[in-house]
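Notes follow the structure.
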Amino acid sequence: MLNLILNAKNALDNFKPEKPTITVQVTSAKNNALIRVLDNAGGILIEPIESIFEWHTSSKDESSGVGLYMTKKIIEQRFGGTIEAENRLQGACFTIELPFAEYNEQRVTVDESDERPSLEQIQRLSKKIIELEELEKTLKKWADVFIHARWGITIRLANSKTLEMTNPAFNALYGYTSQELKTVSVADLFPPESLDVLPQMQKEAFENGYAIAEAMQKRKDGSLFPASIELIVIKNERGDILYNIANIWDLTEKKATQKELLILSQALSNTNEAIYIVMGANIVQVNDGACKMLGYSKEEFASMTLYDID
């Protein structure tokens, strides 16, 4: 029990939910006692989840991976019970089923030598530690990208409607704090006129793993801004959705520049003065005024130089 609770505490320290909670439930089922240890630390990411009870497996970088292995051995061989792990909506759930003392007829004789690690197990453990060290370095790099990216990034668990993690750029873009965004639904970020884009993107991303679209977005103060939204869906080997990643780019400046260029282009095209854009001596582009003045088409100008018209 201490091992399960300490594991949950470590997971909460890393995940940092708004209200970290460990719940222990004890109930009876016929001749057995059911003990559940639940947390809201985001769940177990190791696949398949049953492998966390193997000798060398751990989700913690500094762990030797023997705690849950020994827990399972004690429950099964000392008490004749079972232990299972599963992910629930907010975190992990460990369920222990133990027969009441008066009904326990399946005492198991334990071979003490079986509990001592073999050379093969030690070698696997050493390899696992090296892999975890490499993984830690890789995760550190991605964490730096997440924090320092100039575009908004958010991560949402499975089919949850609220945002689990957001980077500083995302918070600044929408005007919320990280804690506020944990209670904001994805639909709250879309104004009514753009809301139909959301289910279309989700459907495409769920089917293909990726979707991108442009849509108006709504800040905390109610102001709107145009954005490019990239949605990525991450699945496990069984095809179950683990989490969604969204990248958001503010298109306000880009749209303003495009509008200015369009107005400028229309103004230059409609003036009667001849305007030439040149690179070196080559004529790159001309307006309608130049065509009217000299009688060449724009296609003909494209193959000419300044020397042809000077």
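For the atom pair CE of Met201 and CZ of Phe206, the computed distance is 10.5 Å after rounding to the nearest 0.5 Å. Note that CZ of Phe15 is 7.5 Å distant from CE of Met165, once rounded to the nearest 0.5 Å. Note that the CE atom of Met293 and the CG atom of Asp288 stand 12.5 Å from one another [nearest 0.5 Å]. Leu38 contributes atom CG, which lies 12.0 Å from atom CG of Leu89 (distance to the nearest 0.5 angstrom). Within the model, atoms CZ of Phe146 and CD1 of Ile155 stand 5.0 Å from one another, a figure rounded to the nearest 0.5 Å. With values rounded to the nearest 0.5 angstrom, Ile229 atom CD1 is found 10.5 Å from Trp249 atom CH2.
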- [ ] Please report the C-alpha distance between Ser185 and Asp188 in whole Å, then the side-chain angles of each, then the deciding distance to 0.1 Å, and finally whether the side chain to side chain contact (heavy atoms under 4.5 Å, CB included) criterion is met.
- [x] CA-CA 5 Å; Ser185 72; Asp188 292 335; 3.0 Å; yes
Open item on the list: Applying salt bridge (charged side-chain N to carboxylate O under 4.0 Å, His left out) to Glu136 and Lys141, what does each step give before you reach the verdict?
Closed with: CA-CA 9 Å; Glu136 181 182 12; Lys141 293 176 183 177; over 6 Å; no
TODO: Applying salt bridge (charged side-chain N to carboxylate O under 4.0 Å, His left out), run through Arg238 and Asp240 and close with a yes or a no.
DONE: CA-CA 6 Å; Arg238 298 192 300 269; Asp240 302 323; 3.2 Å; yes
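For the side chain to side chain contact (heavy atoms under 4.5 Å, CB included) test with Gln179, the passing option among Thr177, Leu181, Thr183 is Thr177; the others fail. Of the options Ile96, Thr23, Asn3, Leu4, a side chain to side chain contact (heavy atoms under 4.5 Å, CB included) to Val37 is made by Leu4 and by none of the others.
At least one side-chain heavy atom of Leu231 sits less than 4.5 Å from a side-chain heavy atom of Gln202. Side-chain atoms of Glu214 and Pro226, non-hydrogen and from C-beta on, never get closer than 4.5 Å to each other. Residues Ile75 and Glu97 have side chains not in contact (no heavy-atom distance under 4.5 Å, counting atoms from C-beta outward). Side chains of Arg219 and Phe225 form a contact here, defined as non-hydrogen atoms less than 4.5 Å apart. Contact check for Phe301 versus Ile309: side-chain heavy atoms found under the 4.5 Å cut-off. Cys291 places a side-chain heavy atom less than 4.5 Å from the side chain of Val286. Counting only heavy atoms from C-beta outward, the side chains of Leu98 and Asn32 never approach each other to under 4.5 Å. The shortest side-chain heavy-atom distance between Glu134 and Leu139 does not fall under the 4.5 Å cut-off.
At most 12 non-hydrogen atoms from other residues, nucleotides or ligands lie less than 6.0 angstrom from NZ of Lys254. Other residues, nucleotides and ligands place more than 12 heavy atoms under 6.0 Å from the CZ atom of Phe170. Heavy-atom contacts from other residues, nucleotides or ligands closer than 6.0 Å to CD of Glu253 number 12 or fewer. Heavy atoms from other residues, nucleotides or ligands lying under 6.0 Å from NZ of Lys203 number 12 at most.
In summary, Asp13 and Lys9 engage in a salt bridge, as defined by a charged side-chain N under 4.0 Å from a carboxylate O. Between Arg88 and Glu86, at least one side-chain nitrogen of the basic residue sits less than 4.0 Å from a carboxylate oxygen of the acidic one, meeting the salt-bridge criterion. The pair Lys292-Glu273 fails the salt-bridge criterion, with no side-chain N (NZ, NE, NH1 or NH2) lying under 4.0 Å from an Asp/Glu carboxylate O.
No hydrogens or angles considered: nothing links the side chains of Asn40 and Gln90 as a donor-acceptor pair under 3.5 Å. Checking Thr305 against Asn282 by side-chain atom types alone, no donor-acceptor pair falls below 3.5 Å. Under 3.5 Å, the side chains of Tyr174 and Gln217 contain a donor-acceptor pair of N or O atoms. Looking only at atom types and distance, the side chain of Tyr276 has no donor-acceptor partner in the side chain of Gln285 under 3.5 Å away.
The two residues Ile22 and Ile5 have their closest heavy-atom pair at CD1-O, 3.8 Å. For the pair Leu68 and Phe53, the tightest heavy-atom approach, listed with the atom from each and the gap, is O-CD2, 3.7 Å.
The hydrophobic cluster containing Leu251 does not contain Met216, counting ILVMFWY residues as joined when their side-chain heavy atoms lie under 4.5 angstrom apart, directly or transitively. When hydrophobic clusters are built by joining Ile, Leu, Val, Met, Phe, Trp and Tyr residues whose side-chain heavy atoms come closer than 4.5 Å, directly or via intermediates, Ile212 is grouped together with Ile232.
With hydrogens and angles disregarded, a donor-acceptor distance shorter than 3.5 Å links the side chain of Asp221 to the backbone of Ser223.
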